[in-house]
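All residue numbers refer to positions in the sequence shown, counting from 1. Keep in mind it's a predicted model, so treat the numbers as computed, not measured.
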Amino acid sequence: MPTEDQERELPKEVHAEREKTKRTLIIASAITIVGVLATVLFFRNVDNRGGTLKVTDKGVEVTLERPITAQLGTSSESVKAFGDSVTFTTGIITDSALNTIPGAKTKSGFSGQNLVDTAIGFVLSSDRASAWKVEKSIDGGQRLSANDGSEIVVNTQSGAHSTDLDRHVHRLLDSLQRSGTKFTSRVDSASRTVLVWYRDPRSQETVCVKFVQANGQIYSAKASTKDPSSVKSLVSSVSGFTVIQKTAPLKPTSPKITSPTSRAIVPSTKRQLR
């Protein structure tokens, strides 16, 4: 290394170049530190939301591996159905909250454990998402089918009045009573949400149905299976079925049109005689 005397003898251009190099190294180090911190925070955020980071030929892709309702803290309670405890969601998801989850919205099929349908307006999670074939049903709903014969059908019907939900639920319960089928139900009146589960003695199917009244409609998700090993998974999916709240569009106000032949009417006055 050069001594102090040798340092003094170096040209000014050399000293300037060395200072420039030092500043470049300092800036590069700062950028590296910031990049590392950003990466750590990103991974921590993804991990907290239950996602895994995957690099594909299209770039970085976030796949959600936990139910969206659990990540957003949607109102829920624990219900015991067929001997197993499941999470019965009673709240709804707002579209703005859904936007905070990276990769949550998909055009079709599952993203991780979550099926998000923004057209109909619902979220449904499954711990065996890869087993489902997702397709539109004839009436415009969603139909999920698996190789073991399991099925989940999501439908909507118009129903803005409070009596509409009661009518739909009682129609099912009355039918079960007439057939002698034993059933269990859980009703959350405040959220207008109902869960019904039973075993059909005729078809030998285990069935779970959830009704939710929101957005001026009655949403229903019905799961059925003959496979005992699939019961818990299906009941968990249906009990966690959640509606996406839709913002009502503003109605445009029509401008008042005045007929060209119309005339303003003014009070008549009497002319004073002179």
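The line from NE2 of H170 to CD of Q177 is 9.5 Å long, rounded to the nearest 0.5 Å. With rounding to the nearest 0.5 Å, the separation of CZ in R199 from OG in S224 is 13.5 Å. How far CZ of F88 is from OG of S76: 10.0 Å, rounded to the nearest 0.5 Å. Of the inter-residue distances, the one linking Q245 atom CD with I93 atom CD1 reads 11.0 Å to the nearest 0.5 angstrom. A distance of 10.5 Å separates CD of Q213 from OG of S191, quoted to the nearest 0.5 Å. With rounding to the nearest 0.5 angstrom, the CG atom of L176 is 8.0 Å from the CG atom of D200.
When all heavy atoms of V235 and A81 are compared, the closest pair comes out as CG1-CB, 3.9 Å. Between N155 and S137, the shortest heavy-atom contact is OD1-OG, 3.9 Å. The two residues T181 and P201 make their nearest non-hydrogen contact at OG1-CD, 3.5 Å. Across all non-hydrogen atoms, the minimal contact from T74 to G91 is CG2-C, 3.6 Å. Nearest heavy-atom pair across I92 and T242 is CA-CG2, 3.8 Å. Across all non-hydrogen atoms, the minimal contact from S145 to E135 is OG-OE2, 4.3 Å.
D227 and T225 form no side-chain donor-acceptor contact under 3.5 Å, judged by distance and modelled atom types alone. Counting only N and O atoms by type, the side chains of T90 and D188 include no donor and acceptor under 3.5 Å apart.
Annotation for N147: atom CG does not count as buried by contact number, only 12 or fewer foreign heavy atoms lying within 6.0 Å. The local environment of CZ in R171 is crowded, with over 12 non-hydrogen atoms from other residues, nucleotides or ligands closer than 6.0 Å.
At a threshold of 4.5 Å between non-hydrogen side-chain atoms, the residues V86 and W197 do not count as touching. Between S126 and L115, every side-chain heavy-atom pair lies at or beyond the 4.5 Å cut-off. Put simply, the side chain of I152 reaches to within 4.5 Å of the side chain of W132, judged on heavy atoms. Between E77 and V79 there is a side-chain heavy-atom pair separated by less than 4.5 Å. The side-chain heavy atoms of L124 and Q142, taken from C-beta on, include no pair separated by under 4.5 Å. Residues F211 and L172 form a side-chain contact, since some pair of their non-hydrogen atoms from C-beta on lies under 4.5 Å apart. Proximity of Q157 to S220: side-chain heavy atoms (C-beta onward) are nowhere separated by under 4.5 Å. For the pair V207 and F183, the minimum side-chain heavy-atom distance is 4.5 Å or more.
Using modelled atom types, one side-chain atom of T89 and one backbone atom of F241 make a donor-acceptor pair closer than 3.5 Å. Judged by distance alone, with hydrogens and angles left aside, the side-chain atoms of N114 form a donor-acceptor pair with the main-chain N or O of R66 at under 3.5 Å. The closest donor-acceptor contact from the side chain of S237 to the backbone of S125 lies under 3.5 Å. K210 contributes a side-chain N or O that, together with a main-chain N or O of S239, makes up a donor-acceptor pair within less than 3.5 Å. For the pair N215 (side chain) and K246 (backbone), a donor-acceptor distance under 3.5 Å is present.
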Would you please test R192 and S162 for side-chain contact (heavy atoms from CB on, under 4.5 Å) and show each step?
CA-CA 8 Å; R192 308 296 297 165; S162 58; 4.0 Å; yes

I would like to know whether V194 and V209 meet side-chain contact (heavy atoms from CB on, under 4.5 Å); could you show each step before the answer?
CA-CA 8 Å; V194 180; V209 189; over 6 Å; no

Checking K232 against T206 for the side-chain contact (heavy atoms from CB on, under 4.5 Å) test, could you report, in this order, the C-alpha distance in whole Å, the side-chain angles of both residues, the deciding distance, and whether it holds?
CA-CA 10 Å; K232 183 177 180 179; T206 300; over 6 Å; no

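Between K136 and D117 a salt bridge is recorded (basic side-chain N to carboxylate O distance below 4.0 Å).
Grouping the Ile, Leu, Val, Met, Phe, Trp and Tyr side chains by contacts below 4.5 angstrom, directly or via other members, places L72 with I244. L173 and Y198 fall within a single hydrophobic cluster, where Ile, Leu, Val, Met, Phe, Trp and Tyr are joined by side-chain heavy atoms under 4.5 Å apart, directly or via other members. The cluster map of Ile, Leu, Val, Met, Phe, Trp and Tyr, joined by side-chain heavy atoms under 4.5 Å apart, puts L195 and L165 in different clusters. Both V243 and V134 sit in one connected hydrophobic cluster of ILVMFWY residues. Membership requires side-chain heavy atoms under 4.5 Å apart, directly or through other members. Taken together through direct or relayed side-chain contacts under 4.5 Å among Ile, Leu, Val, Met, Phe, Trp and Tyr, V187 and V196 form part of one hydrophobic cluster.
Here the options are H161, R167, H168, the test is side-chain hydrogen bond (donor to acceptor under 3.5 Å, both in side chains), and the partner is D164; only R167 passes.
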